[in-house]
Number of protein chains: 2
Amino acid sequence: MPATTSIRDVARVAGVSVGTVSNVLNRPQEVSADSVSRVNRAIEQLGYVRNDAARQLRAGVSSTVGFVVLDGQNPFFGEVVRGAEDEASRHGIAILYGNTDEDAAREGMYLDLFAEQRVRGVLISPYGDITARLERLRERGIRSVLVDRINGDGRFSSVSVDSVAGGRMAVEHLIAVGRRRIAFVGGPFGMRQVVDRLAGARAAAEGSTERVDIEVVATGALTVEEGVRAGRRILERPRRDWPDALFAASDLLALGLLQSLIVDGALLVPDEIALIGFDDIAFAGAAAVPLSSLRQPSRAIGQTALRVLLEETADPDLIPRRTVFQPELVVRASTRGR
Amino acid sequence: MPATTSIRDVARVAGVSVGTVSNVLNRPQEVSADSVSRVNRAIEQLGYVRNDAARQLRAGVSSTVGFVVLDGQNPFFGEVVRGAEDEASRHGIAILYGNTDEDAAREGMYLDLFAEQRVRGVLISPYGDITARLERLRERGIRSVLVDRINGDGRFSSVSVDSVAGGRMAVEHLIAVGRRRIAFVGGPFGMRQVVDRLAGARAAAEGSTERVDIEVVATGALTVEEGVRAGRRILERPRRDWPDALFAASDLLALGLLQSLIVDGALLVPDEIALIGFDDIAFAGAAAVPLSSLRQPSRAIGQTALRVLLEETADPDLIPRRTVFQPELVVRASTRGR
DNA sequence: CGATTCATTTGATTCGTTTCAAATCGTTGG
DNA sequence: CCAACGATTTGAAACGAATCAAATGAATCG
């Protein structure tokens, strides 16, 4: 039986009341210097560690935040979590982490778990339609902030990136380096991000003084494997029908494309075909041909999401707000002009 | 003020006592079918959600496990966490996630946080020397399991991979595909894993009937950038002094090497130089030249670590034990014979 | 010197569960 | 018909920290 020392023991050793110990812990400025030091000495001596469950029960304030991520394997989300975690640690808050792998049941399970934990709030990059669930959480006093996705009717705060602008920037860049026959590789088109990036791409093509074609190569997901498959499909065509540039809706796709664009040990990228991705994950710069991409400020997204959440939990009357970051064009070898 | 409904409300609505409600929640088999259904109906009707803080306070059992990871950006650890999370969710346990980024202060902060939370246990891939800290946690009844690292004196359970065997397998494979001048790329040599992999490599060379040279190219870390740098250093040498194979101590290094091994748009890998990594992260297979590697069963590592932890917390008298997995050789294009 | 004020300190009460000894109820056996 | 038993149910007592009205003590003022 691990002899657990409580605030009571500390009080006894320090020769003060439990109320004073609690005050030293929570508002030392209202306690005499003498008491503070005696209590601290007692804490030290006993190796006392505050029991957060009791604190939370009585004070009604949790020191954890839940974060449900739909694709924990994607380095982009890894970075987002890192940003949130960084900010959280600054507030003495820990992150309850849940990965759903695009499984609605898991998503629900985590939200239930978080409700039992009475977390301070929830960050979520949602998979299924969970507005109803999040509403119910809110009725219980648990706010949520959507990450990398905006909610149609603005009932929840969100932190995301302007995908339309990103798509435009990508294609404008490809045009600037002299490409005219551009293929947009992405899918499924149920994903808002994919649709937006394509819309931006088309806008750039139409806005150009040159004649620029945008062809769509649809994929089933934003994964490396789908990228490889899409690349093979393109290479099957007669050489003169190849596009001279590919805009992939995500870096994972782009990495897959890159892998498929090797013929006889020689890379078609960037000379024959320019390639640009989206997200700027760490591996983009680390690819055999370093990948141009649109950087999402992933750390900042996580950090901001956590901040918004804390602000909202501090003042429940705040109305939800959207934060939209602008992506940033990062040019590397994969789109060098010929 | 979100009207929080308690077990008391449920009892009132169901027309039973709080004790019975608690029993329905925790040991329904000891309650009459009638009570069970009435209580469940009341729970449904009120939208009652158990308050885990109160439960933990009274029962003394937490439903969270802490996981401190030293490099959250490394996909390898991402997979390990995923494995642990998977197993945890099966037990209704959530994971408190902390990334230290090789920062001893952060590592300490998370352990403190976990202690306050009275987590069920701690999984940790340690950075600094934290045996003392973990001992203190244990005195408080919080057990720890080391992940991907073994503890010198066996005072803690650990789950890891046999790096010596992995190193041997890598070099045996390189020899089998006809390579004789092999460079081991890795560092720092303070890392147990690095030392072990090199030791395995040397053992393989010495065990061969052929004459095989193992040269060491030291790096400052197991990162992509260091890999690029190491690759450049090798290419600077006159061509006839190049090794004909590289064994990188991690896939991140190998990816960096791969990037540096492009000359005039043509890849030296695998024809001129074979390349093999370690870990088999998802991006290894997705590289421009799919990378051969030694697969660590990362999911299984996480899953096993969590299981060991739960077993130990269930029976505190269990003595620490080591679990060592064998790596598995995965052959891809980067080590194809010439 | 007593009254008043201000700064600290006190400790009983509370948060929502689990637990467990005691009470209740329906059966069964004598 | 009563005693004894097993199966359920009950409800008061924890768990450990936060809170806040009340008490204490020191300092100031008239």
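Below, chains carry the letters A, B, ... as their sequence lines are ordered, and counting in each starts from 1.
Rounding to whole angstrom units, CZ of residue B:R140 and C1' of D:dG16 are separated by 15 Å. Between the CZ atom of A:R8 and the P atom of D:dA17 there is a distance of 9 Å, rounded to whole Å. Atom pair A:Q56:CD and C:dT17:P shows a separation of 12 Å (rounding to whole Å applied). B:R50 has its CZ atom 17 Å from the C1' atom of C:dC15, to the nearest Å. The nearest whole Å value for the distance from the CD atom in A:E30 to the C1' atom in D:dA21 is 15 Å. Following rounding to the nearest Å, B:R38 (CZ) and D:dT9 (C1') show an atom-to-atom distance of 11 Å. Remark: P of D:dC15 and CD1 of A:I7 are 15 Å apart, rounded to the nearest angstrom. Between B:L25 atom CG and C:dT19 atom P there is a gap of 12 Å when expressed in whole angstrom units.
Residue A:V16 is in sugar-phosphate contact alone, with no base atom involved, counting any heavy-atom pair closer than 4.0 Å across all strands shown. Among the protein residues, A:D52 comes within range of no part of the nucleic acid, since none of its heavy atoms lies under 4.0 Å from any strand. Residue contacts for B:S22: at a heavy-atom cut-off of 4.0 Å it reaches a base atom on one of the strands shown. Residue contacts for A:R27: at a heavy-atom cut-off of 4.0 Å it reaches the sugar-phosphate backbone alone, with no base atom in range.
Among C:dG16, C:dT18, D:dA17, the nucleotide with an atom closest to any side-chain atom of B:R55 is C:dT18. For A:S17, whose side chain is taken as the heavy atoms from C-beta onward, the closest listed nucleotide among C:dT9, C:dA12, D:dT9 is C:dT9.
Counting non-hydrogen atoms of neighbouring residues, nucleotides and ligands closer than 6.0 angstrom, the CZ atom of A:R321 exceeds 12 such neighbours. In the displayed structure, B:R8 atom CZ is contacted under 6.0 Å by at most 12 heavy atoms of other residues, nucleotides or ligands.
Put simply, OG on B:S17 and CG on B:N23 are 8.0 Å apart, with the number rounded to the nearest 0.5 Å.
Summary of the strand contacts: B:R118 and B:T20 both lie near DNA chain D, and taking for each the nucleotide with the nearest heavy atom, the more 5' one is attributed to B:T20. Positionally, the nearest nucleotide of DNA chain C for A:Q29 lies more toward the 5' end than for the other of A:Q29 and B:Y48. Projected onto DNA chain D by closest heavy-atom contact, A:L57 and B:D34 fall at different nucleotides, the more 5' of which corresponds to B:D34.
For residues 55-77 of chain A, the salt bridge (Lys or Arg N to Asp or Glu O under 4.0 Å) pairs, not counting sequence neighbours, are A:D52-A:R55. Among pairs with a residue in residues 86-96 of chain B, those fulfilling salt bridge (Lys or Arg N to Asp or Glu O under 4.0 Å) read A:R106-B:D86, B:R82-B:D86, B:D86-B:R90, B:E87-B:R90, B:E87-B:R307, at least two apart in sequence or across chains.
Side chains of B:Q117 and B:T64: no donor on one and acceptor on the other come within 3.5 Å.
Remark: the B:R58 side chain and the C:dT18 base include a donor-acceptor N/O pair separated by less than 3.5 Å.
No side-chain donor-acceptor contact under 3.5 Å links B:S144 to the backbone of B:L134.
Applying the 4.0 Å criterion to OP1 and OP2 of C:dT17, one finds that B:N51 has every side-chain N and O outside that range. Under 4.0 angstrom from either OP1 or OP2 of D:dG16 there lies no side-chain N or O belonging to A:S6. Taking 4.0 angstrom as the limit, A:S35 places none of its side-chain polar atoms (N or O) nearer than this to OP1 or OP2 of C:dT8.
At least one side-chain heavy atom of A:P126 sits less than 4.5 Å from a side-chain heavy atom of A:R149.
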Summarise how protein sits on nucleotides 20-26 of chain C as a single string, 5' to 3': B when a protein heavy atom is under 4.0 Å from the base, S for sugar-phosphate-only contact, - for no contact. -------
